[in-house]
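Numbered from 1 within each chain, the chains take letters A, B, ... in sequence-line order.
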Amino acid sequence: MAATVALSETYGPSSGTTQDTITNLNFGSTSSYDIVPASYPITIIGGGTAYSYEKWIRLKCSGTYTKVDNLQFWKSSGTYSTGCTYYGNMSTTVALPTSYTAAVNTVSSVATTALPTTDPNDNNISIDGSFTGSFDSNETAYSDYLVLQMRVADTASPGNVNQITYTFQYDEQ
Amino acid sequence: MDFQWEISSRTGEQYQGTDEFPSQELKDSANLFHLILSCPCAIEAPYGQSVIGTDIKIVIPDDCRLVFKRRVQFDTSPSLVQVGDKRFMYIIAFEKVIQ
């Protein structure tokens, strides 16, 4: 018996639809989950920057446990393709949004921080609007929203981008 | 089984558990903590020590309570929501109890 912690995504208009048990975190030109990039490519703009739709991600905790906390996220390996950068809203000081706002495919006002490339050594995903928050006593609950966006400059090349790896971490007791 | 533990409390009782964490009450009363793991794991032990093993016994000082938790990591990539297996690090520490 243990906590089950999995990724969930909310997408679409401001009313938001939440999909638990997602199978990928692909960025694309639509606000949806499990995007097939070939179906929703991000088109390079000559002389400008193209933006993916934001991805509004939460960690969902369920199962049998006493406490889960110390949620962390960072990019752990891989080299970004030329012209491609990734931004998020993770923070150790400013709590993440607790409610969904319709994902945009213009420059995000939420995902404004370059993804950390090393272990932050401190929780950077808040719970219930606080970095002292936790999942408690077998509850089924969600973290606050981690918002991610991919930006594509006109120096990028068409085709698939390099594979990168993100790491999520939490403490369970 | 991922892990199995036995706690001997300061009042002499013994408690066991498998793949579930002891309650805060048990951790507060623990005098001796015995942890058995299904495979060798890196354990962050008190006093800045890190050890790798499967069978750990620790005596908890009288003025401290047991901290026992598991740090879980999993990898994702844009195309796969989970890459590989989850990784565990077991953390055993003492927390001074301020009276």
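By the rule that hydrophobic residues join a cluster once side-chain heavy atoms approach within less than 4.5 Å of another member, A:F73 and A:Y145 end up as members of separate clusters. Both B:L66 and A:Y65 belong to a single network of hydrophobic side chains, linked directly or stepwise wherever heavy atoms of I, L, V, M, F, W or Y lie under 4.5 Å apart. Taken together through direct or relayed side-chain contacts under 4.5 Å among Ile, Leu, Val, Met, Phe, Trp and Tyr, A:L71 and B:F21 form part of one hydrophobic cluster.
Taking OG of B:S77 as the start and CG of A:N26 as the end, the distance is 7.5 Å to the nearest 0.5 Å. For the atom pair CD (B:E20) and CD (A:Q173), the distance works out to 14.0 Å, reported to the nearest 0.5 Å. We find the CD1-CG distance between B:I91 and A:D171 to be 5.0 Å, quoted to the nearest 0.5 Å.
Around the CG atom of A:N160, the shell of radius 6.0 Å holds no more than 12 heavy atoms that belong to other residues, nucleotides or ligands. Around atom CZ of B:F88, more than 12 heavy atoms belonging to other residues, nucleotides or ligands sit under 6.0 Å away. Under a cut-off of 6.0 angstrom, the local environment of CD in B:E25 is sparse, with at most 12 non-hydrogen atoms contributed by other residues, nucleotides or ligands. When the shell of 6.0 Å around OH of A:Y33 is examined, it contains 12 or fewer heavy atoms from other residues, nucleotides or ligands.
Side chains of A:Y170 and B:F74 form a contact here, defined as non-hydrogen atoms less than 4.5 Å apart. The shortest side-chain heavy-atom distance between A:T167 and B:R87 falls under the 4.5 Å cut-off. A:S76 has its side chain within reach of B:D75: a pair of non-hydrogen atoms, C-beta onward, lies under 4.5 Å apart. Annotation: side chain of A:L7 is in contact with side chain of B:T76 (closest heavy-atom distance under 4.5 Å).
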Just do the side-chain contact (heavy atoms from CB on, under 4.5 Å) check on A:E172 and B:K69 with the steps written out, would you? CA-CA 6 Å; A:E172 173 188 15; B:K69 61 176 76 172; over 6 Å; no

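In terms of heavy-atom proximity, B:K86 sits nearest to A:V5 at NZ-O, 3.6 Å.
The part of A:N70 that comes within reach of chain B is its side chain, from C-beta onward, which places non-hydrogen atoms under 4.5 angstrom from that chain.
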